[in-house]
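Working notes, structure below.
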Amino acid sequence: MDEGEYRDPARNVDERVPRDGQEEQVVRTGDLDAIGGSAAELTASLLAHGRVAEDMSRETGRALEQDGFATGTALTEVADTWVTQERTLRDGLRHVAEHLDASSRITTLLEAEIEEGLRLNSGITGL
């Protein structure tokens with residue numbers, strides 16, 4: 001395994017020999033960091049811009065509804081649905097960003113521990 005790579009610990013198999021013709025599952029920490037960073041950027045963008053039209057949509061929906069237009073109620077429902085979906089997406093992106101950040105940090109720490117263990121072991125065995 002190259003430095004900075006992450007192997008899924010849930011796959012408890014000998015990774016050197018792919019099973020059933022499948023490729024080895026390897027992700028570099030830089031890839032995790034980039035994906036997590038993109039998720040964090042999209043989360044920030046949704047926070048800044050995801051609800052720009054919410055107030056205007058609700059106001060317009062109420063005004064249309066007061067004037068007897070059925071589209072007013074529909075527009076208000078669309079605004080409600082948008083808010084719910086935007087929040088769900090933002091929460092999911094935040095979860096992905098945090099998970100990948102934690103995975104990257106843990107992988108870095110584990111690699112350092114393994115390297116230290118190998119260094120100490122090589123001193124004991126004379127290798």
Side-chain angles (χ1 to χ4, degrees):
M1 180 162 66
D2 292 337
E3 184 178 328
E5 288 184 347
Y6 170 79
R7 291 185 201 272
D8 184 354
R11 295 188 68 203
N12 191 17
V13 296
D14 184 354
E15 292 290 345
R16 293 171 289 166
V17 180
R19 293 185 166 228
D20 302 322
Q22 295 183 357
E23 293 292 321
E24 186 175 312
Q25 183 177 359
V26 176
V27 178
R28 288 176 174 69
T29 8
D31 296 337
L32 294 177
D33 293 341
I35 294 168
S38 294
E41 287 175 19
L42 186 50
T43 301
S45 181
L46 280 170
L47 279 169
H49 308 290
R51 294 191 179 173
V52 170
E54 180 186 1
D55 292 338
M56 184 59 74
S57 296
R58 290 185 188 284
E59 289 174 26
T60 303
R62 281 192 296 272
L64 287 168
E65 192 174 354
Q66 289 173 353
D67 289 339
F69 290 97
T71 54
T73 303
L75 186 56
T76 303
E77 288 177 14
V78 166
D80 290 341
T81 301
W82 172 257
V83 168
T84 300
Q85 291 179 346
E86 184 269 342
R87 184 181 308 123
T88 300
L89 177 59
R90 191 169 20 93
D91 290 347
L93 287 167
R94 184 180 304 120
H95 178 75
V96 166
E98 290 171 357
H99 175 75
L100 291 176
D101 181 54
S103 294
S104 180
R105 282 186 283 113
I106 288 168
T107 299
T108 301
L109 292 172
L110 288 175
E111 287 293 323
E113 288 179 16
I114 291 168
E115 287 176 13
E116 180 66 11
L118 290 172
R119 186 184 66 74
L120 292 173
N121 190 35
S122 68
I124 292 171
T125 61
L127 296 175

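Counting begins at 1 with the first residue of the sequence.
Here R62 does not pair with E65 in a salt bridge; the nearest charged N to carboxylate O distance is not below 4.0 Å. A salt bridge links R94 to D91: one of the charged nitrogens lies within less than 4.0 Å of a carboxylate oxygen.
In terms of heavy atoms, A97 sits closest to G36 at CB-O, 3.6 Å. Heavy atoms only, all atoms of each residue included: S103 and L32 are closest at CB-CD1, 4.2 Å.
Residues forming a side chain to side chain contact (heavy atoms under 4.5 Å, CB included) with L118 (at least two apart in sequence, or on another chain): I114. Partners of R87 according to the salt bridge (charged side-chain N to carboxylate O under 4.0 Å, His left out) rule, which considers only residues two or more places apart in sequence or in another chain, do not exist here.
Of the inter-residue distances, the one linking T88 atom OG1 with L93 atom CG reads 11.0 Å to the nearest 0.5 angstrom. Atom OG1 of T76 and atom CD of E59 lie 11.0 Å apart (nearest 0.5 Å). Once rounded to the nearest 0.5 Å, the distance linking CG of N121 with CZ of R119 reads 11.0 Å. Rounding to the nearest 0.5 angstrom, the gap separating the NE2 atom in H99 from the CD1 atom in I106 is 8.5 Å. Note: L100 CG to I35 CD1 = 6.0 Å, rounded to the nearest 0.5 Å. Interatomic distance, D33 CG to S104 OG, rounded to the nearest 0.5 Å: 3.5 Å.
Checked by atom type and distance alone, the side chain of W82 pairs as donor or acceptor with a backbone atom of G50 at under 3.5 Å.
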